[in-house]
Amino acid sequence: MLTHAKVWSAIDRLAARAGLSASGLAKRAGLDPTTFNKSKRITAEGRTRWPSTESIAKALAATGTPMNVFVELIDAAEGRATCAVPLLGFAQAGSGGYFDDGGFPVGEGWDEIAFPAVTDEHAYALEISGESMQPAYRDGDVILVAPSAPIRRGDRVVVRTRSGEVMAKELKRRTAKSIELRSLNAEHEDRTLAVADVLWIARILWASQ
């Protein structure tokens, strides 16, 4: 049976397939950014609201998704668990108030994006801006970061320094005194940071393409 929850879940899954938050999907579709927000899914009287067919049609057009695929997303809503992961713009990650000293997400101002359930309860997503990380990551890509995941040589990581600089690199080597990072863009130099200058480092698990 078609339910409100299944249709809204399908919209969340549609956004996740495109590497977007619900508000990001609405903006890409030319809609008000709050169109698909959780607050719009219930009326002022507390009744569940259906999304409009126009908003769904625009979202499908914006993501190049056929209607039959959207129907599959509705049907899949029962079979696969998803969770809402905090989402922040990469450029904002250097600002204060979003992370604790261990690199775990805290505070307010986060958006949300739907992902298949992840094991790290502290996982969060960052939306790439600019071209400095091409070809690995392009403007608008979303990366899923797991601060609790173990990190090995060759892993792609997000690093934040004590001065507030945030960067996505590949871990080359890690010693008791330094962290060597390989740039994802050949036009940018590799970096070597003193361990004392690094506030936190977290592994990138997944990226939209």
Side-chain angles (χ1 to χ4, degrees), residues 1-93 95 97-100 104-129 139-148 204-209:
M1 183 176 68
L2 190 65
T3 65
H4 298 84
K6 285 184 181 180
V7 175
W8 284 115
S9 178
I11 290 174
D12 289 337
R13 296 167 71 84
L14 177 66
R17 279 165 55 96
L20 299 167
S21 63
S23 60
L25 175 62
K27 287 189 285 187
R28 179 175 291 186
L31 301 167
D32 184 285
T34 65
T35 299
F36 298 136
N37 285 8
K38 290 182 180 180
S39 61
K40 293 298 182 70
R41 303 181 185 190
I42 299 176
T43 67
E45 295 75 28
R47 294 192 300 271
T48 307
R49 172 184 285 140
W50 292 101
S52 73
T53 53
E54 180 183 10
S55 63
I56 292 175
K58 288 185 175 181
L60 295 180
T63 56
T65 305
M67 177 57 76
N68 66 301
V69 173
F70 185 69
V71 172
E72 291 174 4
L73 293 177
I74 294 175
D75 292 337
E78 288 184 320
R80 293 179 59 192
T82 61
C83 61
V85 175
L87 172 70
L88 190 70
F90 196 91
Q92 293 175 273
S95 304
Y98 291 108
F99 299 94
D100 64 17
F104 296 100
V106 294
E108 300 178 353
W110 294 82
D111 201 343
E112 289 186 341
I113 187 169
F115 270 97
V118 291
T119 56
D120 189 341
E121 63 178 326
H122 300 293
Y124 59 89
L126 295 175
E127 185 173 3
I128 303 299
S129 57
D139 186 55
D141 284 350
V142 172
I143 57 175
L144 180 66
V145 182
S148 299
I204 299 172
L205 289 185
W206 178 93
S208 68
Q209 299 295 331

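Remember, predicted model here, so these are calculated numbers, not experimental data.
- The NZ atom of Lys38 sits 7.5 Å away from the CG atom of Asp12 when rounded to the nearest 0.5 Å.
- Remark: the backbone N or O of Val85 is not paired with any side-chain donor or acceptor of Trp110 at under 3.5 angstrom.
- Once rounded to the nearest 0.5 Å, the distance linking OG1 of Thr53 with NZ of Lys58 reads 11.0 Å.
- Nearest heavy atoms, Arg49 versus Trp8: O-NE1, 2.7 Å.
- The 12-atom threshold is not exceeded at NZ of Lys27, counting heavy atoms of other residues, nucleotides or ligands nearer than 6.0 Å.
- A side-chain contact (heavy atoms from CB on, under 4.5 Å) with Thr35 is found for exactly one of Ser55, Pro51, Ser52, Ser23, namely Ser55.
- Counting all heavy atoms, side chain and backbone alike, His122 lies closest to Ser148 at CD2-OG, 3.8 Å.
- For Ala10 against Phe70, the heavy-atom pair with the smallest separation is CB-CE1, 3.7 Å.
- A 4.5 Å side-chain heavy-atom check between Trp50 and Val7 finds at least one atom pair inside the cut-off.
- Once rounded to the nearest 0.5 Å, the distance linking CZ of Arg13 with OG1 of Thr65 reads 13.0 Å.
- The closest donor-acceptor contact from the side chain of Asp32 to the backbone of Thr34 lies under 3.5 Å.
- Between Leu14 and Thr63 the shortest heavy-atom distance is CD1-OG1, 3.6 Å.
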Let me see the working for Ile143 and Val145 under side-chain contact (heavy atoms from CB on, under 4.5 Å), right down to the final yes or no.
CA-CA 6 Å; Ile143 57 175; Val145 182; 4.3 Å; yes
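- Panel note: side chain Arg41, backbone Phe36; a donor-acceptor pair is recorded below 3.5 Å.
- Residues Ser21 and Ala15 come closest through the heavy atom pair O-CB, 3.7 Å.
- In this structure, the separation between CD1 on Ile113 and CD on Glu127 is 7.5 Å, given to the nearest 0.5 Å.
- Pro66 and Gly64 get closest at one heavy-atom pair: CD-O, 3.6 Å.
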